[in-house]
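What you see is a predicted model; the values in this text were computed from it and never measured. Order of listing sets the numbers, starting from 1, for every ligand and every atom in it. Numbers here simply count residues along the sequence, with the first being 1.
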Amino acid sequence: MSSHKGKVVLVTGAGRGIGRSIAECFAAQGAAVGVLDFDSANSSETASALLARGFLAHGVQADVANIDEVRQACEQVEKVFGPIDVLINNAGISPKHNGIRAEAAEMDIEEWKSVIDVNLTGCFNTVRVLAGGMKSRKSGSIINMSSVAGKAYCPLVGIHYSTTKAALIGFTRHLAGELGPYGITVNAIAPGRIDTPMMRTVSAAANKAVIDQTPLGRLGSPEDVANLALFLTSEKANFITGQVCDVAGGWLMT
Ligand code: NAD
């Protein structure tokens with residue numbers, strides 16, 4: 001099966017973790033993948049690993065919070081592969097201090113702003129660059145990476161993080177309404193606790209407590225999230241839009 005053969009996909013934050021797995025899964029399904037990351041070594045290494053497996057990939061460095069960098073990165077990917085059909089807004093940050101979040105009353109304004117800029121404005125920037133082309137072609141699909149922490153209280157993350165992940169749900173629904181008439185679907189994915197470098201910024205005990213509260217009894221894998229992204233952007237999901245889909249093993253059941 002090659003569900004995405006011929007599609008051009010941009011994955012942000014694709015240098016490691018969930019984004020890298022999404023890039024690998026789409027490439028394995030025949031897509032040409034733009035591997036965008038702030039960390040140029042990781043985006044290059046991910047793209048090289050995909051090319052070595054005979055897949056189509058192109059690494060680009062950009063900070064999603066900077067629209068000029070996003071525009072340049074998209075232009076580079078489109079120059080190599082053609083118009084971007086699928087946008088996966090995955091890049092995100094969740095600052096910690098020795099594994100502990102800052103509480104709202106003590107949080108530095110610069111830390112607050114940095115999370116809003118990356119997790120929320122970063123998604124707006126890619127949409128500002130790519131949605132016009134999708135509208136003119138009357139096709140496309142967009143996934144925004146939310147979190148169960150945007151739907152329920154999660155003591156492991158800070159108020160900035162949960163605020164942006166909740167905001168992405170409104171962002172997704174609004175965009176789905178605007179872009180639906182052009183045949184473009186927009187959905188959000190809300191992962192639970194997924195085994196990535198981000199998750200390892202908190203203590204093993206904290207992650208064990210999540211596993212104990214998860215009916216399926218384990219952390220999620222990046223591939224669990226990637227499989228949902230593949231489905232939501234495939235032909236099989238072309239009547240699904242404006243939805244928030246949890247992939248959390250039953251944790252929180254938001
Ligand atoms: P991660 O920290 O392992 O990887 C994030 C990637 O995004 C990194 O490669 C990083 O360099 C990149 N990135 C960070 N800031 C960027 C920027 N300004 N511009 C471009 N790239 C940037 O994180 P992850 O666990 O793979 O998380 C991926 C997404 O999934 C995030 O949006 C995160 O909030 C969300 N999420 C993760 C979990 C989890 O448990 N891991 C749970 C719910 C939601």
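- Judged as a ring-ring contact (aromatic ring centres under 6.0 Å, His included), the pairs with a partner in residues 20-49 (not counting sequence neighbours) are, in order, H4-F26.
- Both I159 and I116 are assigned to one and the same hydrophobic cluster, defined by single-linkage of ILVMFWY side chains at heavy-atom distances under 4.5 Å.
- Listed by chain and residue number, the protein contacts of ligand 1 are G13, R16, G17, I18, D37, F38, A62, D63, V64, N90, A91, G92, I93, V118, M145, S146, S147, Y161, K165, P191, G192, R193, I194, T196, P197, M198 (heavy atom within 4.0 angstrom).
- For the residue pair K96/S94, the side-chain donor-acceptor check at 3.5 Å is satisfied.
- Cluster annotation: Y161 is not connected to L120 through the hydrophobic network of ILVMFWY side chains, with a link wherever side-chain heavy atoms come within less than 4.5 Å.
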Contacts under 3.5 angstrom, residues 237-245 side chains, donor-acceptor by atom type, not counting sequence neighbours:
from : atom 1 : to   : atom 2 : distance (Å)
N238 : ND2    : E235 : O      : 3.3
T241 : OG1    : V186 : N      : 2.9
T241 : OG1    : V186 : O      : 3.4
Q243 : NE2    : T241 : O      : 3.1

Name every donor-acceptor pair, under 3.5 Å, that has one atom in a side chain of residues 141-158 and the other anywhere in the protein, sequence neighbours excluded.
from : atom 1 : to   : atom 2 : distance (Å)
N144 : OD1    : N89  : ND2    : 3.0
N144 : ND2    : T172 : OG1    : 3.0
S146 : OG     : K165 : O      : 2.8
S147 : OG     : A149 : N      : 2.9
K151 : NZ     : D246 : OD1    : 2.6
K151 : NZ     : T254 : OG1    : 3.1
Y153 : OH     : R101 : NH1    : 3.4
Y153 : OH     : R101 : NH2    : 3.0

